[in-house]
Amino acid sequence: MSDVLHDLNVESLRKEFPILSQNVHGRPLVFLDSAASAQKPRTVIDSMRFVMESQYANVHRGLHYMSEKTSDAYEAVRDKVAGFLNAASRDEIVFTRNGTESINLVAYTYGRTALKPGDAVAVSAMEHHANLVPWQMLRDAHGTELRIVEITDSGEIDFESLERVFADGKVKLLAVTHMSNVLGSYTPVERLAAFAHERGARILIDGCQAIVHRKVDVQAMGADFYVFSGHKLYGPTGIGVLYGRAELLEAMPPFLGGGDMIEHVSFEKSRWAKPPHRFEAGTPAIIETIGLGAAIDFVNEIGFPAIAAHERALTEHALSVLGNIEGLRILGQAQDRGGVVSFTMRDVHAHDIATLLDRQGIAVRAGQHCAEPLMGRMGVTSTARASFALYTLPREIDALAEGLLRIQRMFA
Amino acid sequence: MSDVLHDLNVESLRKEFPILSQNVHGRPLVFLDSAASAQKPRTVIDSMRFVMESQYANVHRGLHYMSEKTSDAYEAVRDKVAGFLNAASRDEIVFTRNGTESINLVAYTYGRTALKPGDAVAVSAMEHHANLVPWQMLRDAHGTELRIVEITDSGEIDFESLERVFADGKVKLLAVTHMSNVLGSYTPVERLAAFAHERGARILIDGCQAIVHRKVDVQAMGADFYVFSGHKLYGPTGIGVLYGRAELLEAMPPFLGGGDMIEHVSFEKSRWAKPPHRFEAGTPAIIETIGLGAAIDFVNEIGFPAIAAHERALTEHALSVLGNIEGLRILGQAQDRGGVVSFTMRDVHAHDIATLLDRQGIAVRAGQHCAEPLMGRMGVTSTARASFALYTLPREIDALAEGLLRIQRMFA
Amino acid sequence: MNADPYQALVMERSRKPLFARRPHGTDAEGEGRNRMCGDAVHVFLARAGMHVGHESEGCAILLASADLMAEAVAGKSRDEVFELQRDFLAMVKTGQEKPALGALNALAGLASFPARQRCATLPWDALSEALNNG
Amino acid sequence: MNADPYQALVMERSRKPLFARRPHGTDAEGEGRNRMCGDAVHVFLARAGMHVGHESEGCAILLASADLMAEAVAGKSRDEVFELQRDFLAMVKTGQEKPALGALNALAGLASFPARQRCATLPWDALSEALNNG
Ligand SMILES: Cc1ncc(COP(=O)(O)O)c(C=O)c1O
Ligand SMILES: Cc1ncc(COP(=O)(O)O)c(C=O)c1O
């Protein structure tokens, strides 16, 4: 397997992640649940500690040293994120709690002003609940329609279904994942963006999974909105990002009201601040934003070419080792797929798999993965899911396969 | 001043706050801006590091060791907060980003269902924008009225105005601060709650400032909703709390849609989870919630009797030393007031005060303190504000007074 | 306390349930669903003689728990069933086995797997429903 | 670069402004407001001869900046004023003094106080407005 590691010195990278040397149930931890949330490198942990130990105060409103330093550090991450996504301007970057809040922000503000009752929002059949439920809520509150773009059996966007969904011209927003958290499929976002734009619709891309594995260029892909969470990108919890094209953000009303999002307040009326501050009410997640900055530096330093190559090799390895296990079914066979592998095993329930692997120190996820409708589409009630990060080793995938065989023997 | 320290060994407590030993502009930091955000004790910093280094995974959805441990730690903080506020049940505690989001959550969900167009929301004239702008937004979106309860010149709730505001029976919600972040006044929340309840209204109490200084008992005070932010309570940023009475939360629709807040999702329809999870969509601020737990332990260990006594002594000291400075005007003279002192100085603008104090290592805030309407009410455009925490020393207040005299000499 | 929730008896009853059927004289039914995984159990109850059967779809723990429950309650009175349920819930939480629980003690290992306890208690919820509906 | 933004000249002109008036022949006006503090500056402009006066309410930096600006632009052409403004903005940001700025260099210390730079540039915004309105 040495070629897998060609670009990335994983063993040495792993030393940056203190948690990876833990034991679980007396066995070395094999953490294959990074798609739910990634572990944190030392530099992220240290950056957060550094702020709290030596340079902390509330941001934006202070005229003293600590506040200015903290504001500078906080706002510098906005520049960093803008660069990371290749946004045209730092003002297109809004900080939220997580990808879920980012999508809800768009549903509440853009959704209730730019979209009119009778307009339709289209989502794919493989969305995470975070990119489905907000549009259901918008439908029920605002009278928009919600339409589903089918996926093929291999787990890719069905372009014929897409055509049908857009045929009557009512769809004004396509909200679609950049990578499925269940099937691992990437979606062709450039093509989807062009498709939507040609038909006068906007596109929101849920990048919660993809952002970890690929270089994202929001301008090149034609994203109107792009969202992700810090905690999956080796950053802290409590911080997420919404990218929105300047022209769209400027036309949107605020989401939450409070300090820092207004120009002027009287009892009668308030005048909103410009984006992005219009959308950041109250004291933001200062420490976590700074932690996210450290995470982006960490990822940038390694570089996406190496990360992507490593991930591709791991995924191929996983597909081949798991594919050899009799009675094991891998969900989805997209051409373009990333480091997430969901599977079922004959006669063994996914929850039993997860519990029994855990007793061997191996962490995988089992259940519906917040994608209940997709489970129905794929004809399963739940799956087990192994997901990979830049610190994942091929031998951890081997350990998974051995663990699964052991479980099969128990259930035989 | 030794009697001030009778209950609290501040010098030794200060060792728990690494930042307090920093220098600023070559002078030891005198941090008098804790009302904006408090500094963090080592135990909070360490608790966050501990999770990230040895016990981290996403919560609630995992069947493996790290996820179960993290979920347990996360949910244990809910119990801790319930105990801290004396809530009747842990299910009455909702985690948010900050106090601002907590209030907005109530405005969006309770506000748009329990309140009807034509109903009125009453706020006081000394609210932070966080407890004003959401009700303006509700007014503009939903057709509720917004009424202002006047305050007296000393900075206390004017009960005659309160009577008038409630006279026609239209007020269904009183949203009021527990302690003003500008004047330092506490409000008589028990009396206000009884007043509102007698008239068929609910009460939301903004505890962002008070929570730091006083034991809060939501049941004893009769709160229907109580909100606060972690970062002012020596905890991390990115985490806030909404307490809501069970009966009210149960009747409220969700705020954000996504993972973890639903029982069941199909493309057609979703069934909401019960509170508090109904209101916690997506991956929560796991690390920060655990940090908040450590902050509450820290505060509980010191105990509110000692904290409150220390704060009372500091405030009296500040009122007396600052009161001796000619041309200095302190805003508000409430009977019941806490560790926040706002002032203006003849011929010196608040911003000049803040900048010039900063050059002496002293951090105070200057401006409108996110309470622009209150500035108008008090006849000023901005003030300087010194605020105290459990780590504040009387000699830091003396340093402030000396600094102010030095500035006066410059401007004389 | 046995730390392994996958004892031989559990494996056996999950693979070859003895009570996966609708008993003669069924006059009440109940259902339990676990939203996390979509697992479901349907309980059939013939109140005369307290004969219980089940139709279950789910993990080994759920299948075995349903089957062991059906066996354990057979012939008991309504009050005895509720007492057994209380004891069972306590045992699953604490891991403390109890002689009165008999074969049900095989599930004591769940105490160390809080997220899986619901799999074992779901059949009992369904039975409660049947008893209260009936 | 001088680190102190409160030099003697600044203190003096903030206390005793020389141009706090409406100049004869005023034919354009402009306004600047700082939302953070409510500070405001109103600029009067007599385009013939580029005579500028101001009515300011605010901190020492704002008052001095407005007054020094009025002095610096007197008699200049419109283009020269815009060039001076560019130089002034750059100097306030970087702290690099420039001979062409003359007395305005007294504000170079603001480079270390980013949050206060707006106080010094606000009068220039108001003047721009007046020049563009006129
Ligand atoms: C009284 C009061 N309410 C609300 C807030 C808002 O708190 P946060 O910014 O943490 O949401 C503050 C703090 O700025 C405050 O002092
Ligand atoms: C594709 C996708 N979208 C959205 C989310 C929601 O992310 P978060 O829980 O951080 O808001 C997730 C992660 O669970 C995801 O995988």
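Any value given below was found using the heavy atoms of this structure, including those in side chains, with hydrogens, waters and symmetry copies removed. Convention: sequence-line order gives letters A, B, ...; per-chain numbering from 1. For clarity, every value in this text was computed on a predicted model and none was experimentally measured.
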Task: Gap separating the CZ atom of F50(A) from the OG1 atom of T43(A), nearest 0.5 angstrom - done: 12.0 Å
Task: Proximity breakdown for E288(A) and chain B, heavy-atom pairs closer than 4.5 Å - done: both
Task: Contact leader toward chain A among G240(B), G376(B), A141(B), C370(B), where contacts are heavy-atom pairs under 4.5 Å - done: C370(B)
- [ ] Could you look at I148(A) and say if it's the side chain, the backbone, both or neither that has a heavy atom under 4.5 Å from chain B?
- [x] side chain
Open item on the list: What part of L20(B) gets within 4.5 angstrom of chain A, counting heavy atoms only: side chain, backbone, both, or neither?
Closed with: neither
Open item on the list: Need one label for R139(A): side chain, backbone, both or neither, based on atoms under 4.5 Å from any heavy atom in chain B.
Closed with: side chain
Task: Heavy-atom pairs under 4.5 Å with chain B, option from A363(A), P236(A), A354(A), C208(A) with the top count - done: A363(A)
Task: Part of L132(A) within contact of chain B (heavy atom distance under 4.5 Å) - done: side chain
Open item on the list: Can you tell me which of E101(A), H128(A), E68(A) forms the most heavy-atom pairs within a distance under 4.5 Å of chain B?
Closed with: E101(A)
Task: Rounded distance [0.5 Å steps], CD in E280(A) versus CG in L256(A) - done: 10.5 Å
Task: Donor-acceptor side-chain pairing of H25(B) and Q360(B) below 3.5 angstrom - done: no
TODO: State, without any angle test, whether H129(B) and E372(B) hold a side-chain donor-acceptor pair at a distance under 3.5 Å.
DONE: no
Open item on the list: Quick one about Q368(B) and S382(B) (side-chain donor to acceptor, distance below 3.5 Å, no hydrogens or angles considered), yes or no?
Closed with: no
Task: Toward chain B, the part of M375(A) with a non-hydrogen atom under 4.5 Å - done: neither
TODO: Using non-hydrogen atoms and a 4.5 Å limit, figure out which bit of A107(A) sits close to chain B: side chain, backbone, both or neither.
DONE: neither
Open item on the list: If I measure from the heavy atoms of chain B, does Q22(A) come under 4.5 Å with its side chain, its backbone, both, or neither?
Closed with: side chain
TODO: Heavy-atom distances under 4.5 Å only: say whether I287(A) touches chain B with side chain, backbone, both or neither.
DONE: both
Open item on the list: I'd like to verify something: which residue of S229(A), P373(A), P284(A) has the highest number of heavy-atom pairs under 4.5 Å with chain B?
Closed with: P373(A)
- [ ] Supply the atom-to-atom distance R49(B) CZ to I290(B) CD1, rounded to the nearest 0.5 angstrom.
- [x] 14.5 Å
Open item on the list: Need one label for M52(A): side chain, backbone, both or neither, based on atoms under 4.5 Å from any heavy atom in chain B.
Closed with: both
TODO: For each of K69(B), E268(B), R359(B), M48(B), tally heavy-atom pairs with chain A at distances under 4.5 Å, and name the one with the top tally.
DONE: E268(B)
Open item on the list: For a 4.5 angstrom cut-off between non-hydrogen side-chain atoms, does M66(A) reach L29(B)?
Closed with: yes
Task: Contacting region of E127(B) [heavy-atom separation from chain A under 4.5 Å] - done: neither
Open item on the list: As an exercise: rank I362(B), V265(B), V133(B) by heavy-atom pairs under 4.5 Å with chain A and give me the winner.
Closed with: V265(B)
TODO: Enter the distance from Q55(A):CD to I19(B):CD1 here, rounded to the nearest 0.5 Å.
DONE: 8.0 Å
TODO: Find the one option among R365(B), K40(B), M137(B), K232(B) whose heavy-atom pairs under 4.5 Å with chain A are most numerous.
DONE: R365(B)
TODO: Would you give the length of the straight line joining atom CG of N131(A) to atom CE of M126(A), rounded to the nearest 0.5 angstrom?
DONE: 11.5 Å
- [ ] Under 4.5 Å, counting heavy-atom pairs only, tell me which of T355(A), V364(A), I103(A) racks up the most with chain B.
- [x] V364(A)
Task: Between N98(A) and T283(B), a side-chain donor and acceptor under 3.5 Å - done: no
Task: Partner chain B: residue of S34(A), A57(A), P134(A) with the largest heavy-atom pair count (under 4.5 Å) - done: P134(A)
- [ ] Could you look at F17(A) and say if it's the side chain, the backbone, both or neither that has a heavy atom under 4.5 Å from chain B?
- [x] neither
Open item on the list: Counting only non-hydrogen atoms closer than 4.5 Å, does S21(B) touch chain A with its backbone (N, CA, C, O), its side chain (CB onward), both, or neither?
Closed with: neither
Task: Between S37(A) and H231(A), a side-chain donor and acceptor under 3.5 Å - done: yes
Task: Check: Y56(A) ring centroid to F31(B) ring centroid under 6.0 Å - done: no
- [ ] Tell me yes or no: between the side chains of D260(A) and H60(A), is some donor less than 3.5 Å from an acceptor?
- [x] yes
Task: Under 4.5 Å from any heavy atom of chain A - which part of R112(B) - done: side chain
TODO: Determine the sole option in F228(B), Y74(B), F279(B) for which the ring-ring contact (aromatic ring centres under 6.0 Å, His included) test with F95(B) is passed.
DONE: Y74(B)
